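Notes follow once the structure below has been shown.
So you know, we letter chains A, B, ... as the sequences are listed, proteins then strands, and number each from 1. Not measured: the values here are computed from a predicted model.
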Number of protein chains: 2
Amino acid sequence: MRIITWNLNSIRTRRARLLKLLARHEPDILCLQELRAEAEVFPRLDVAAAGYHAEIHAQAARNGVAILSKQRARVRRRGLPPCEGRGEARFLDVEAAGLRVLTAYVPNGKSPRHPDWGYKLEWLEALAAYLADECDPEQPLVLGGDFNVAPADCDAATANPDGVLCHPSARAALAGVVRWGLDDAFRLEFAEGEESDRNLYTWWDYTRLSFARNAGARIDHLYVTAPLRSRVRKVMVDRDERRQKKGQDIPSDHAPLVLDLDVSRG
Amino acid sequence: MRIITWNLNSIRTRRARLLKLLARHEPDILCLQELRAEAEVFPRLDVAAAGYHAEIHAQAARNGVAILSKQRARVRRRGLPPCEGRGEARFLDVEAAGLRVLTAYVPNGKSPRHPDWGYKLEWLEALAAYLADECDPEQPLVLGGDFNVAPADCDAATANPDGVLCHPSARAALAGVVRWGLDDAFRLEFAEGEESDRNLYTWWDYTRLSFARNAGARIDHLYVTAPLRSRVRKVMVDRDERRQKKGQDIPSDHAPLVLDLDVSRG
DNA sequence: GATCAAGAAG
DNA sequence: CTTCTTGATC
């Protein structure tokens, strides 16, 4: 089965690209982040016509996540405690296709010296607490999303330890999530330093020709629990989705991360 | 020869439609209004590749006119006196293809009770004065543009005498321009009441399904001087350009007005 | 550099 | 309803 996570950066602007992605990959599960529009804007009819159910947790203008699935999903949770006070839609937990599927849009943090930096760390701690309280590491579970953290120096073209993506405190907070009982599916297939530089980064800044220079970072991840560890068959970045063909519509700044699991019996 | 006037409502947004229009009609002259961007934004290269020269009179964000021609044009005037104080780009006068070609984007006026209503009337008076001072009604001349006036009640689906398009003062001011020595090319072909309701209006409000209901107005005009009067062969509205095909880009609220002149010798 | 929100304009 | 501006965010 195929599971994808993609920060599409506006469902309004990326509607056509979303439908093409569904047709191209036919994923069983698709986790989306940064819908940036109220739930009513989501193209439910087009997505249904493509054969997908959609569970949505959205707000106006900012954040917003969704999980699309061929089989209808059952929602377990919308939101995490640190989101509540700010009214932010950054987390969704469902059961779908015999799995627990969680998606997260981790706060960027703005800068390690900005007042919002603490919010990023608290948010990751709340995610770890949620897993501990509400999930079972012995059951099949996938956690996918935009974590706004490059776990290791080799996961970013410029691994600035003072930047939002590589700061030690953010890496430690993410490690606290993983420690509960997760494996980074990408790293199950590719050891650090053994990946191709064409199948590593998932995000490139819109400015300074970052995509052309491959000046990106691996900040979108798919994590799996132990029962799925040996089921990981393939992990790849759909770089082509990040490309802008001449005269075409503008891509998201993130590329989809695609995971194939072998769920045949035995 | 073919002469078109079109208020395209943003050169940025209508770039692809402009190029298709050139390919579809191959006009000798194309007058454009409401570029709504600085001159640098104009797609000179694409237009040149299509075989056209472009003379542009533009400003940032608002107004802006241009005259495209297969043969290079010679600019006679950019702007009219009432534009100067406000920095508005609403008028361009060139020689092209053996003709004098003027294009105008007449101020809307906002409402007959708005302080800007006087500006609309002054603007039309300045246009009449310009013709009297700078042009010769015995020479071949075409004046095309968005006049924001429906000359007669049959030129608007709802001919509200209190509205900006049908107010008697605006009609009188436009009549003052025509009186210099112009014929409304559309009315040379179709007498009042003898036109088809599918070849009359050039503008339809974006709201209230105006185009579907054909609730439009004939406010874009092509005027000709006496030497061209007997040369008018055909006048038609390219309604198809105003249509929005499902999933396609958004049209301008104006349709192009197309004039064919017979300029064969004798 | 691309997105969203207001507000102004047509 | 669609466009453009400015300012904020990522």
Euclidean distance, atom [atom1] of residue [X] to atom [atom2] of [N] [Å, nearest integer]:
{"X": "A:W203", "N": "C:dG1", "atom1": "CH2", "atom2": "P", "value": "14 Å"}
{"X": "B:Q59", "N": "D:dT5", "atom1": "CD", "atom2": "P", "value": "11 Å"}
{"X": "A:E88", "N": "D:dT9", "atom1": "CD", "atom2": "C1'", "value": "12 Å"}
{"X": "A:D249", "N": "C:dA2", "atom1": "CG", "atom2": "C1'", "value": "13 Å"}

Is there a side-chain hydrogen bond (donor to acceptor under 3.5 Å, both in side chains) between A:T207 and A:D205? Walk through the geometry before answering. CA-CA 5 Å; A:T207 60; A:D205 194 297; 2.6 Å; yes
For a 4.5 angstrom cut-off between non-hydrogen side-chain atoms, does A:F91 reach A:D93?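 Yes. Closest side-chain heavy atoms under 4.5 Å.
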Hey, does the Lys NZ or Arg CZ of B:R86 hover above the aromatic six-ring of B:Y119, less than 6.0 Å from the centre and inside 45° of the axis?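 B:R86 over B:Y119 ring: yes.
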Enumerate, atom names and distances included, each donor-acceptor pair closer than 3.5 Å involving a side-chain atom of residues 14-21 of chain B, sequence neighbours excluded.
residue	atom	partner	partner atom	Å
B:R14	NE	B:L8	O	2.9
B:R14	NH1	B:I250	O	2.5
B:R14	NH2	B:N9	O	2.7
B:R15	NH1	B:D46	OD2	2.3
B:R17	NE	B:D249	OD1	3.3
B:R17	NH1	B:E241	O	3.0
B:R17	NH1	B:E241	OE2	2.8
B:R17	NH2	B:D249	O	3.0
B:R17	NH2	B:D249	OD1	3.2

Does a side-chain N-to-carboxylate-O contact under 4.0 Å join B:R242 and B:D253?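 Answer for the salt bridge query: no.
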Can a salt bridge be assigned to the pair A:D240 and A:R24 using a cut-off of 4.0 Å between side-chain N and carboxylate O?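 Result for this pair is no, no salt bridge flagged.
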Output one letter per nucleotide in nucleotides 3-10 of chain C: B when a protein non-hydrogen atom lies under 4.0 Å from the base, S when only the sugar-phosphate is that close, - when neither is. BSS---SB
